[in-house]
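Every chain is numbered from 1, with letters handed out A, B, ... down the list of sequences.
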2 protein chains.
Amino acid sequence: MDFKDIDRLAAIVSHRDIDPGQVIFEEGETAEYAYNISRGEVRLYKLLPDGRRQITGFLGEGDFLGLVSDSTYAYGAEAMTPVELCSMRLTNLERLLADIPPVREKLLDMSRDELAAAQEQMLLLGRKTAREQLLSFLLHRLDQAESDAPESKLHLPMSRTDIADYLGLTIETVSRTFTALRDEGLIELPDTHTVVLPELEAVREAAGAF
Amino acid sequence: MDFKDIDRLAAIVSHRDIDPGQVIFEEGETAEYAYNISRGEVRLYKLLPDGRRQITGFLGEGDFLGLVSDSTYAYGAEAMTPVELCSMRLTNLERLLADIPPVREKLLDMSRDELAAAQEQMLLLGRKTAREQLLSFLLHRLDQAESDAPESKLHLPMSRTDIADYLGLTIETVSRTFTALRDEGLIELPDTHTVVLPELEAVREAAGAF
DNA sequence: GTGGTTCATTGATTTGGCTCAATAGGTGCC
DNA sequence: GGCACCTATTGAGCCAAATCAATGAACCAC
């Protein structure tokens with residue numbers, strides 16, 4: 001990507017601020033924009049007609065949002081915290097992609113990573129117990145955060161309901177499992193949204209070798 | 001893609017036959033080849049250390065196999081029926097991809113479709129009952145087969161165990177659920193590997209609006 | 001035909017996680 | 001402070017699916 005490309009990119013991006021709990025886009029909506037998350041945390045989800053919700057992923061700063069297969073979004077997206085988005089019209093983006101191989105290559109890599117993560121999540125949802133699921137979830141968050149957090153202390157921006165809908169559990173089971181893990185000494189819970197993993201090896205073991 | 005490209009493509013592909021039950025590649029193995037399935041049915045799966053298995057997808061004729069994010073396969077693959085593969089060395093493939101935009105574009109589309117399917121599967125695994133899962137599975141297979149089968153008669157090449165591991169259930173639950181659906185008249189089971197859906201609308205309804 | 005093997009079905013029982021219900025912490029507002 | 005609101009925790013009972021166990025059906029080898 002050279003200077004000319006960067007200029008063209010700058011010309012089609014704009015900015016958008018979202019409050020916590022606000023919908024960024026809904027599943028099935030015609031996809032007009034793709035986004036890059038400048039700040040904040042986002043949940044992706046799918047719904048059944050009766051309201052059951054499955055969260056398919058959590059995104060944070062730097063993540064790309066709005067990769068679509070056809071012309072509609074395959075899932076909904078909501079802000080969990082105040083979110084700043086860098087938005088691009090998909091028509092412009094597609095034209096840009098057609099021209100700039102490195103961007104296209106990056107997109108392909110991203111979707112392959114996302115796919116590998118989705119398969120890991122299927123293993124978790126289909127075959128792991130609540131305990132293993134929660135530990136795997138914590139380890140995964142820790143790995144992601146590792147870059148800027150040297151210690152095994154973890155901030156969870158999402159609610160218990162969000163965690164439950166991500167793991168295919170109920171809020172009560174999530175809460176009970178957190179408590180049980182705390183009582184066993186596998187984790188510490190200084191407050192609701194903070195977890196410390198003092199014995200990482202034991203956690204990895206108990207998570208089903210994540 | 002022009003004639004020159006096709007020649008280069010032809011030069012790097014070769015052929016491979018696989019017997020039912022044979023492993024094509026294992027999760028974690030260094031990825032040397034990507035494949036296109038010429039004939040037969042393949043299951044993709046991930047394993048936990050204690051042997052629990054989650055099937056993450058079934059592939060058939062024409063499907064592409066071996067899209068990897070890093071240098072190792074993210075899942076294992078096994079033949080369910082006799083399989084004929086068209087194989088390509090990944091090193092060659094990568095070089096080819098770097099040069100030919102339409103191939104790269106196709107790959108991106110495929111991985112986006114696969115990702116959308118993965119998210120649908122997460123919804124199914126996390127939030128649907130055994131009954132809804134099985135019906136969704138049948139409808140999905142029917143949609144895929146629709147092209148060459150005008151009727152709502154479906155061939156299931158995989159075993160009950162495979163279906164169970166795909167849906168995150170046990171073989172007994174799959175069998176019981178099949179029987180229950182048959183007794184309700186929602187499906188017919190002429191033999192173990194054949195299902196007929198006489199009332200498609202009722203099935204769609206009961207599957208949780210797949 | 002008989003025994004062995006594999007896969008599917010059916011039955012009996014158990015259990016992990018869900019449902020329903022109550023209680024406890026926080027936080028903000030008046 | 002006192003109250004309302006929201007989220008999380010804890011308790012009691014229940015149920016869908018798992019587990020354990022037996023039987024049936026199809027296929028092959030001898």
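Here the P atom of nucleotide dG16(C) and the CZ atom of R127(A) are 16 Å apart, to the nearest Å. Atoms CG (D191(A)) and P (dT9(D)) sit 10 Å apart, rounded to a whole Å. Summarising the geometry, the separation between CG on L181(A) and P on dT10(D) is reported as 13 Å, rounded to the nearest angstrom. Between D183(B) atom CG and dT10(C) atom C1' there is a gap of 12 Å when expressed in whole angstrom units. The distance from atom CD of E172(A) to atom C1' of dC20(C) is 9 Å, rounded to the nearest whole Å. Between K128(B) atom NZ and dA17(D) atom P there is a gap of 14 Å when expressed in whole angstrom units. In this entry the distance linking CZ of R160(B) with P of dC7(C) reads 13 Å, nearest Å. Atoms CD1 (I171(B)) and P (dA17(D)) sit 17 Å apart, rounded to a whole Å.
Comment: E41(A) engages R141(A) in a salt bridge, judged by a side-chain N to carboxylate O separation of less than 4.0 angstrom. R176(A) and D183(A) are not joined by a salt bridge, as no carboxylate oxygen comes within less than 4.0 angstrom of a charged side-chain nitrogen. Under the 4.0 Å criterion applied to side-chain N and carboxylate O atoms, R53(A) and D162(A) are assigned as salt-bridge partners.
For R182(A) and dT10(D), a side-chain-to-base donor-acceptor distance below 3.5 Å is absent, hydrogens and geometry of angles not being considered. Judged by distance alone with a 3.5 Å cut-off, no donor-acceptor contact links the side chain of R176(A) to the base of dG16(C).
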* For the pair R16(B) and Y35(B), evaluate side-chain hydrogen bond (donor to acceptor under 3.5 Å, both in side chains) and give the outcome as yes or no after the intermediate values. => CA-CA 9 Å; R16(B) 195 173 152 197; Y35(B) 302 95; 2.6 Å; yes

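Within 4.0 Å (heavy atoms only), G21(B) reaches no atom of the nucleic acid at all. Across all strands shown, S175(B) has heavy atoms under 4.0 Å from base atoms, whether or not it also approaches the sugar-phosphate.
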